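Just below is one structure, and these are the notes that go with it.
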Amino acid sequence: MPRPILTADRMRAAEQAAIEGGTSVETLMDRAGTALAEAVHRLAGTGDTLILCGPGNNGGDGYVAGRKLVERGHRVRVAALAPPASAACVAAASRWDGETVTFEQASPSPILVDCLFGTGLTHGLEATVSERLSDLAKSASSAIACDLPSGVGSDDGRCLSPVPAFDMTVTFGALKPAHRLMPALPSMGRVVLADIGIDASSTWFEIGRPEVPALAAAAHKYSRGYVAVLAGEMSGAASLAASAAARSGAGYVRVIGDGLFQGLPASVVVGGKLGLLADDGRIGSVLIGPGVGRGAGAKALLQAALDCGKPLVLDADALNELGANPTGMSDAILTPHAGEFARLFPGLDGTKPEMTLQAARNSGAIVVSKGPDTLVASPDGRLGFAPPAPSWLASAGTGDVLAGIISALRARGMDAFDAACAGVWIHGRAAELAGPLMIADDLISELPAVLA
Ligand SMILES: NC(=O)C1=CN([C@@H]2O[C@H](COP(=O)(O)OP(=O)(O)OC[C@H]3O[C@@H](n4cnc5c(N)ncnc54)[C@H](O)[C@@H]3O)[C@@H](O)[C@H]2O)[C@@H](O)CC1
Ligand SMILES: [K+]
């Protein structure tokens, strides 16, 4: 099951529904604090532990975790930033009878647990507080954040004040958008999701390992997926995309264009007239963008693709050629990076999740908003958040490879949204396997291992 993702408002509503269903907020907090303590103990073992507690329910989780960690043999000190204020935090703090110091008195400890603020954060921490938090996190061997690193905006991933890097973030019920959004993402460490008995079902989720449909016994090359790649000025980009499609399980890949397609596997067919697109009913998807350029030729290719009635994947220059605010693009997948997104969908505002969903609704397409925090949005409201991908994926040609992978999965009959999510996951995993010095070509070599 993919891990659900909820905004702070939706999380509060889910919490409220649980409370109305008979589970008290104290019980939820007890479960959250217990899960936090367990995760801390598992990560860091037994050791001196400093828990920073804020005045709200994030702090309340900290007081519960303190009690549970003492039971597990930790020496625990709580540093309270302010007196407990929310009713549940007051109740949790009243059951904490261990060592308590003021925030100013907090001194470094091998294990640091940040329970200052979570989803209730409304503004950045005071400078003295964020500086102290950073110092304590840096000097700890294991730094763990409760729900969110304090200072991170839950819904947009903004750092409202400087946020140090944590080794682990333990969250409850559902992930929050910030766990998978820049610029907060690198501060999270491993994100552990604890079940606290809340129904957190959501159409927003973290993209997990995909289930790529198995090949039917009677499969033939066309039923395995026939991808047509339209190529233009820069044949290298089209070669990368076509090779990636071939290595992603497509049964037949054809490149239509006049370039010299070096490095293509011999199994990829080169040539054919544009008219094929509309006439050949076996074509399962058409990819246009990698290397098509910006000339009159590109315009004609794009028009042929838009007119052919086949599932489309539009990337790179095809997106620039498409122009701003496209509509009626159902059955298409658009894969813009941030610059292309801004040109395609000018004037949108809100968080990256909101803008990506709006772009999908307006265009009718599946929109893959690429970056270190890639999102996949469907016009029906589904939103997939990519798991963290290695930073070395940011290099020339990796987008062409992604477009090729998605085209192959689409041609194999996957639903457009599922194909896009699966492509994003496979691409990230291939980068992990390929390692820090990889070039885009290496991703293709890793695809069989990822898809095996
Ligand atoms: N939603 C749920 O289902 C559950 C939430 N729990 C915990 O509750 C947390 C949310 O608790 P709260 O809503 O009490 O909010 P927080 O504990 O995040 O913040 C408490 C209050 O601090 C104030 N505040 C915000 N930013 C501040 C700043 N920069 N400086 C000073 N004060 C600031 C606000 O008035 C805010 O309500 C979650 O992050 C999670 O850790 C858990 O107890 C279990 C269940
Ligand atoms: K926190």
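First listed ligand is number 1; within each ligand, the first listed atom is number 1. This structure is a prediction, so every number in the text was calculated from the model and none was measured.
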Candidates T122, N57, D61; heavy atom nearest atom 40 (C) of ligand 1 found on D61

If you scan protein heavy atoms around atom 22 (O) of ligand 1, the nearest is F117 CE2, 3.4 Å

Atom 4 (C) of ligand 1 [closest protein heavy-atom partner, distance rounded to 0.1 Å] | E15 OE2, 3.5 Å

Can you tell me if S395 and T398 form a side-chain donor-acceptor pair at under 3.5 Å?
-> no

Compute the angle centred on the K ion (ligand 2) spanning OG of S150 and O of D114, and express it rounded to 10 degrees.
-> 100°

NZ/NE/NH1/NH2 to OD/OE distance under 4.0 Å, R180 and E206 = yes

Check: G59 N/O within less than 3.5 Å of ligand 1 N/O = no

When you check the gap from the basic side-chain N to the acidic O, do R410 and D331 get nearer than 4.0 Å?
-> yes

State whether any protein heavy atom lies less than 4.0 Å from atom 35 (O) of ligand 1.
-> no

Does G118, backbone or side chain, put an N or O under 3.5 Å from an N or O of ligand 1?
-> yes

For R247, look at atom CZ and say whether over 12 heavy atoms of other residues, nucleotides or ligands are found less than 6.0 Å away.
-> no

Got the closest protein heavy atom to atom 37 (O) of ligand 1, with its distance?
-> G120 O, 4.1 Å

Salt bridge between D156 and K352, side-chain N to carboxylate O under 4.0 Å?
-> no

What is the closest protein heavy atom to atom 29 (N) of ligand 1, and at what distance does it sit?
-> H123 O, 2.7 Å

Can K370 and D315 be said to form a salt bridge (Lys or Arg N to Asp or Glu O under 4.0 Å), step by step?
-> CA-CA 11 Å; K370 295 186 299 192; D315 183 42; 3.2 Å; yes

Would you say G124 contacts ligand 1, with heavy atoms under 4.0 Å as the rule?
-> yes

Just heavy atoms, cut-off under 4.0 Å: does V129 contact ligand 1 by side chain, backbone, both, or neither?
-> neither

Among all protein non-hydrogen atoms, which one is nearest to atom 9 (C) of ligand 1, and what is the separation to 0.1 Å?
-> N58 N, 3.6 Å

Logged contact type for L160 with ligand 1, heavy-atom cut-off 4.0 Å, is neither

The K ion (ligand 2) as vertex, arms to O of F117 and O of L148: angle to 10°?
-> 90°

Return a yes/no value for T119: is any of its N or O atoms, backbone included, closer than 3.5 angstrom to an N or O of ligand 1?
-> yes

Are the charged groups of E99 and R75 less than 4.0 angstrom apart, N to O?
-> yes

Look at R12 together with E15 and state whether they make a salt bridge at an N to O cut-off of under 4.0 Å.
-> no

Could you tell me the angle subtended at the K ion (ligand 2) by O of C146 and OD1 of N58, rounded to 10°?
-> 80°

